[in-house]
Structures are given as C-alpha cells and as structure tokens.
Amino acid sequence: MHIRPIEHSDVSAVAAMFRALAIEFIVHESPPEAAATFLRDNDEEGFLGFLRLGHAYHVAEVDGELAGFIAVRERQHLYHMFVAKQFQGRGIARALWDVARRAAIVAGGDGSFTVNASNYALPVYEAMGFERTAPTQCVNGLYFNPMKRPG
C-alpha cells in the first residue's frame, strides 16, 4: 500500500469512488432529494472546490489501484474517509487516518479531531478512538453521528 497526497489527476476516480460508496452506505437512509443534493455537492466539481478551500486529501493505492482516500478540513475535522469495498478490512482506513492525523498535527493542528460518522462507519471511528458527542442527527435529510477524538 502506498499513501500520498492527492493529485489533480486523482479527482475523477476519487469522486467516482465516493459516489458508489455514498449510495450504498450513506444516502440509502435519506429521502431521494436529499441524496441527490448530497451526491451533487460531492461530485468531481465539489471535490475540486474542497481542494481549493484547502482540505488536505491523501489517497491510498494498492498495486497502482485507488483503494481509498481521506480528507481533513482545517487540521481538525475528518471530512471524508472512504475505502473501496474490495479493500475494506485490510487496515487501509487506519493507515489513511494515521497519515492524515500526522499531517494535520505537523501543519499546526492540536491533535483533536471531529467527524460526522455515518451509521455504517461508527465502529471504524470508535476503533480509532473517536467517541460520540451527541445522538444520531439528521440535517437536510442526511443522518450522521457527531464524534470527537481528543488530542
């Protein structure tokens, strides 16, 4: 496995992976109009916008194939973390988290992080030391669990 900062040429594949995984694991709980808005906001143009805003993205590759990606916003909020289905359960999420966490701290973050975890991802974030800070929320038709990991 190789983890590196995202490159412009990765954005299309990252957006496609996001869409496939979000449909299966996130927006299936949402009304169709909320799902459509979320997917539109996180399409290829959306990812380019997140990069322009300074979100720090890293991608993981296995044998040259995109296996997953992670993004941290403002050195303290885990914004995106997705691993392709065929690579789940192999420690890729943990490796991505370790790289992104270190990069955020080196860039001046204090080591504490928040995340809005999908119901599906709760066990992954709990295994990485995140704890719920509130019950499951629903905002604009999307369900998530606010979590925090102290520094």
Side-chain angles (χ1 to χ4, degrees), residues 1-8 10-30 34-61 66-85 87-88 91-151:
M1 172 178 30
H2 175 64
I3 297 176
R4 60 173 173 75
I6 194 171
E7 297 172 0
H8 185 56
D10 298 316
V11 172
S12 180
V14 163
M17 176 185 289
F18 174 89
R19 181 177 181 80
L21 293 169
I23 288 170
E24 183 168 354
F25 297 114
I26 298 175
V27 299
H28 67 283
E29 300 175 316
S30 302
T37 298
F38 180 73
L39 293 172
R40 186 176 53 251
D41 291 347
N42 289 276
D43 64 6
E44 195 168 332
E45 276 304 309
F47 276 87
L48 291 170
F50 300 142
L51 287 166
R52 282 191 295 273
L53 289 172
H55 293 34
Y57 277 86
H58 288 84
V59 296
E61 296 174 319
L66 178 66
F69 66 93
I70 192 167
V72 173
R73 183 184 72 209
E74 299 171 352
R75 297 178 306 279
Q76 65 185 5
H77 182 73
L78 204 168
Y79 192 69
H80 284 142
M81 185 171 70
F82 290 86
V83 175
K85 280 179 69 173
F87 294 106
Q88 291 179 7
I92 292 171
R94 169 72 67 177
L96 281 164
W97 164 242
D98 289 345
V99 168
R101 184 178 150 279
R102 279 193 304 272
I105 292 169
V106 166
D110 67 6
S112 64
F113 291 87
T114 57
V115 68
N116 293 327
S118 69
N119 290 325
Y120 179 81
L122 268 174
V124 174
Y125 290 116
E126 288 170 342
M128 294 188 314
F130 284 84
E131 299 174 351
R132 284 176 177 263
T133 57
T136 302
Q137 310 285 303
C138 182
V139 175
N140 298 326
L142 294 170
Y143 293 88
F144 63 92
N145 302 280
M147 302 182 86
K148 183 169 180 129
R149 185 180 189 275

Residue pair [X] / [Y]: nearest heavy atoms and the distance that separates them:
X: Ala93; Y: Val124; answer: CB-CG1, 4.3 Å
X: Ser30; Y: Gly141; answer: OG-O, 2.6 Å
X: Leu96; Y: Gly68; answer: CD1-C, 3.9 Å
X: Phe130; Y: Thr114; answer: CE2-C, 4.0 Å
X: Phe87; Y: Leu66; answer: CE1-O, 3.9 Å

message: Under the rule for side chain to side chain donor-acceptor pair (under 3.5 Å), what residues qualify as partners of Glu126, not counting sequence neighbours?
response: none

Residues forming a side chain to side chain donor-acceptor pair (under 3.5 Å) with Arg4, sequence neighbours excluded: Asp10, Glu61

Rounded to the nearest 0.5 Å, what separation is found between the [atom1] atom of [X] and the [atom2] atom of [Y]?
X: Glu74; Y: Tyr79; atom1: CD; atom2: OH; result: 10.5 Å
X: His80; Y: Ile70; atom1: NE2; atom2: CD1; result: 11.0 Å
X: Asn116; Y: Phe144; atom1: CG; atom2: CZ; result: 4.5 Å
X: Cys138; Y: Glu29; atom1: SG; atom2: CD; result: 9.0 Å

Indicate every side-chain donor-acceptor pair of residues 104-111 with a distance under 3.5 Å to a residue at least two apart or in another chain.
| residue | atom | partner | partner atom | Å |
| --- | --- | --- | --- | --- |
| Asp110 | OD1 | Ser112 | N | 2.8 |
| Asp110 | OD1 | Ser112 | OG | 2.7 |
| Asp110 | OD2 | Ser112 | OG | 3.4 |

message: Quick check against the 3.5 Å criterion: does Glu44 have a side-chain atom that pairs as donor or acceptor with the backbone of Val11?
response: no

task: Using atom types as modelled and distance alone, determine if a side-chain donor or acceptor of Glu7 lies under 3.5 Å from a backbone N or O of Pro5.
output: no

- prompt: Would you say Gln137 has more than 12 foreign heavy atoms packed within less than 6.0 Å of its CD?
  reply: yes

When you compare the side chain of [Y] with that of [X], does any pair of heavy atoms fall below 4.5 Å?
X: Leu78; Y: Met147; value: no
X: Met128; Y: Met81; value: yes
X: Val72; Y: His58; value: no
X: Arg149; Y: Tyr125; value: no
X: Phe47; Y: Val14; value: yes

List the atom pairs, donor and acceptor, that lie under 3.5 Å between side-chain atoms in residues 17-27 and the rest of the protein, sequence neighbours left out.
| residue | atom | partner | partner atom | Å |
| --- | --- | --- | --- | --- |
| Glu24 | OE1 | Lys85 | NZ | 3.2 |
| Glu24 | OE2 | Lys85 | NZ | 3.0 |

- prompt: According to the side chain to side chain donor-acceptor pair (under 3.5 Å) rule, which pairs have a member within residues 138-148, sequence neighbours left out?
  reply: Asn119-Asn145, Arg132-Asn145, Thr136-Asn145

message: Per the side chain to side chain donor-acceptor pair (under 3.5 Å) rule, what does the pair list look like for residues 97-108, sequence neighbours excluded?
response: none

